[in-house]
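Structure first, commentary second.
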4 protein chains.
Amino acid sequence: MEHLQGVFFERTAELIAAGHRLYQRGWLPATSGNLSARLDHRRFAITVSGTHKGTLTDQDIMAVNEKGHALEPGMRPSAETLLHVALYLADPEVGAVLHVHSPSATVLSLATPGERVRLSGFELIKAFPGHTSHDEVLEVPIFDNDQHIPRLVEAVNARAGGTPAVPGYLIRGHGLYAWGPDVARTMHYLEAFDFLFNCQLQLGASQP
Amino acid sequence: MEHLQGVFFERTAELIAAGHRLYQRGWLPATSGNLSARLDHRRFAITVSGTHKGTLTDQDIMAVNEKGHALEPGMRPSAETLLHVALYLADPEVGAVLHVHSPSATVLSLATPGERVRLSGFELIKAFPGHTSHDEVLEVPIFDNDQHIPRLVEAVNARAGGTPAVPGYLIRGHGLYAWGPDVARTMHYLEAFDFLFNCQLQLGASQP
Amino acid sequence: MEHLQGVFFERTAELIAAGHRLYQRGWLPATSGNLSARLDHRRFAITVSGTHKGTLTDQDIMAVNEKGHALEPGMRPSAETLLHVALYLADPEVGAVLHVHSPSATVLSLATPGERVRLSGFELIKAFPGHTSHDEVLEVPIFDNDQHIPRLVEAVNARAGGTPAVPGYLIRGHGLYAWGPDVARTMHYLEAFDFLFNCQLQLGASQP
Amino acid sequence: MEHLQGVFFERTAELIAAGHRLYQRGWLPATSGNLSARLDHRRFAITVSGTHKGTLTDQDIMAVNEKGHALEPGMRPSAETLLHVALYLADPEVGAVLHVHSPSATVLSLATPGERVRLSGFELIKAFPGHTSHDEVLEVPIFDNDQHIPRLVEAVNARAGGTPAVPGYLIRGHGLYAWGPDVARTMHYLEAFDFLFNCQLQLGASQP
């Protein structure tokens, strides 16, 4: 992967900075969460399994292929790497995937029965592509948690066709996956999701 | 605008510092909000549309005229610039306008039916001009959100005559506009509003 | 006050540092609160009226006498200076008085009817002198707010004899006054009060 | 203890850094909490009684033996040192014990009747050894608070045999004790416990 070195170093620096900021916000407690960025059409940089995101260094970022396998021997990717890879393979425009355990995502996904959170009335809905008014409904899919990641990937892929394009989904009691064209814009989506989830929880209303 | 360069640089520095602090507080998630300051009687500095306020630089502040049009070609002001300009034109004492998406402003404006939030019993009410006792009622107008900004400007202007002079109003589900003689004192008003809104939400009482 | 210069400089530095920290915590929104420390048996250093505590400098601290009057002309002490002075005069061991508008103090004082908050079951009650077990009841007096400060001073003095010695009291909807032998230990009391008030609010129980 | 100097200095540096971070989080209000690390099979470094953890220096860490007595004269260990020592003696793998007064631990332990908090449905349960699915139940023991520490030690020891191995327990109204192989991993456990306690409180459900 010699010709990828430059882009790998750049994405690594971005993921480290993102990890530190997201940890400071309390969205990556203990060694939870995983962060990735696209290197090319079939290779991706991702945090090593079990790392603490508040103290990430370049030793904690590894490269994987489109099957989620390590490109270099001796490093173990997280089992959840497959969820990241599935998002990259489904859409060539996806440049980064950030998975956080924010309290708002965890609590709202447990407090909301059914397959989606529906958000409306918030100006910040317009932070998401394709939404031009607070009057629209932003639907964020919720998937039941599953320790068998390939089965979870299948569930996500099966439903993706049937839901409006929102750059994120919840796994119940587990947290939020969000993606975007690059790390910076995916950070913006995380901020917008968290803001909306917190407001919704404070309003105490699960809009049908 | 050569003769305005000095004041433009000063206001730009103040708006950048304010943006960084307000972002740190969580009041400007994603690229939401917009911040402005008066340059003279008919020109104003304002954040460029779609900028992230946590990483504002002097490239993200532009100058607009009293119609909200860019003074220099190639920069796009936010549609909400008209709400800022309306406040400057209505009162020559207004030196800064800061619009934030704080969670408290968003949630309280959605949780409160009707056209205003009424706050009473708080010593901090005295932070606002013309209020000398905790026993008084601070009325903060709420306007329904509207994606058609000129219509929203009209609604604000139509009601301004009928409400007591409080340096702020809420747009439902959208956030808070506050203004003052300069950026520093407008920051104080934002702090006071947010404190009061949070206390009111915690008290769980929407006083009629 | 030449011979007081040294101690005035030391206390000023302590009050400035305390102001910055308390502002960062959100306990001094806008220009609220006031902070003081004893200089000798009848002179005290206190924040100037209307200063923002997040940006305190040594120009914002002044000296007052036992009547609350400025020792040097041209500086205006806060009206609430009398509440500080009353505490110093009542007990020569009081070395510092810190008055904050913390959200927890504001909300709990409004949510609790009657003349006191009663706290029990918390280990942290032992942070206060004379309390040796979580089973004891910590009684924090609440006074109704009053814009006439001399009348408020009288109310505080009249009740002081009848309540257990706790180094703090609440003014309803206004905030917390706390005191101690020096600024550092008064900061500890503020932390303990705020922790207990927040826990009590979260528990949702106003113990009779 | 000459040959222990090196390890004492290292553990002291770790405990100081941990104290500063935990204080910043609001988990060590006033002078509450105590932090320790193992030096060898029968000696331990621990914070001196009554120190403020936000300003810890190496003067605030002392060494104690397996009876909780100071190794050097003139320093007073906290009465709760016995709870730390009991954990080290019960399991030679325990390398650090951190006791915090986090709001979540305090409130949840008071809001939950009975002898344990039961947590389920959270992915973060997997942060704890021996838990491999969100479907499992994480049981965190609660002990009633007791000012007589030897009796509290007995109560903890008596129950330890009957509960699943979770690296932490709550003392009602008092806070959380957590332990691990070293300071860093114990910090991770604290983060995971606090996250779970907060989510559980937000969900408002005390699962039976």
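Below, chain A is the first sequence line, B the second, and so on; all start at residue 1.
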Using 0.5 Å steps for rounding, measure from the OG atom of B:Ser109 to the CZ atom of A:Phe122. 9.0 Å

Can you list the residues that meet the side chain to side chain donor-acceptor pair (under 3.5 Å) rule with A:Asn145, with sequence neighbours excluded? A:His174, D:Glu123, D:His134

Checking A:Arg25 against chain B: side chain, backbone, both or neither under 4.5 Å from a heavy atom? side chain

Considering heavy atoms only, which positions within residues 9-17 of chain A lie below 4.5 Å of chain B? none

Here's a test for you: under side chain to side chain contact (heavy atoms under 4.5 Å, CB included), which of B:Thr106, B:Leu201, B:Leu110 qualifies with A:Gln202? B:Leu201

Rounded to the nearest 0.5 Å, how far does NE2 of B:His148 lie from OG of A:Ser133? 13.0 Å

Among B:Val107, B:Thr55, B:Thr31, who wins on heavy-atom pairs under 4.5 Å with chain A? B:Val107

Any side-chain heavy atom of A:Thr132 within less than 4.5 Å of one from B:Gln147? no

Listed by chain and number, what are the ring-ring contact (aromatic ring centres under 6.0 Å, His included) partners of A:Tyr23, not counting sequence neighbours? A:His52

Is the closest side-chain heavy-atom distance between B:Pro29 and A:Asp194 below 4.5 Å? no

Test ring-ring contact (aromatic ring centres under 6.0 Å, His included) applied to A:Tyr177 - qualifying residues, sequence neighbours left out: A:His84, A:His99, A:Tyr169

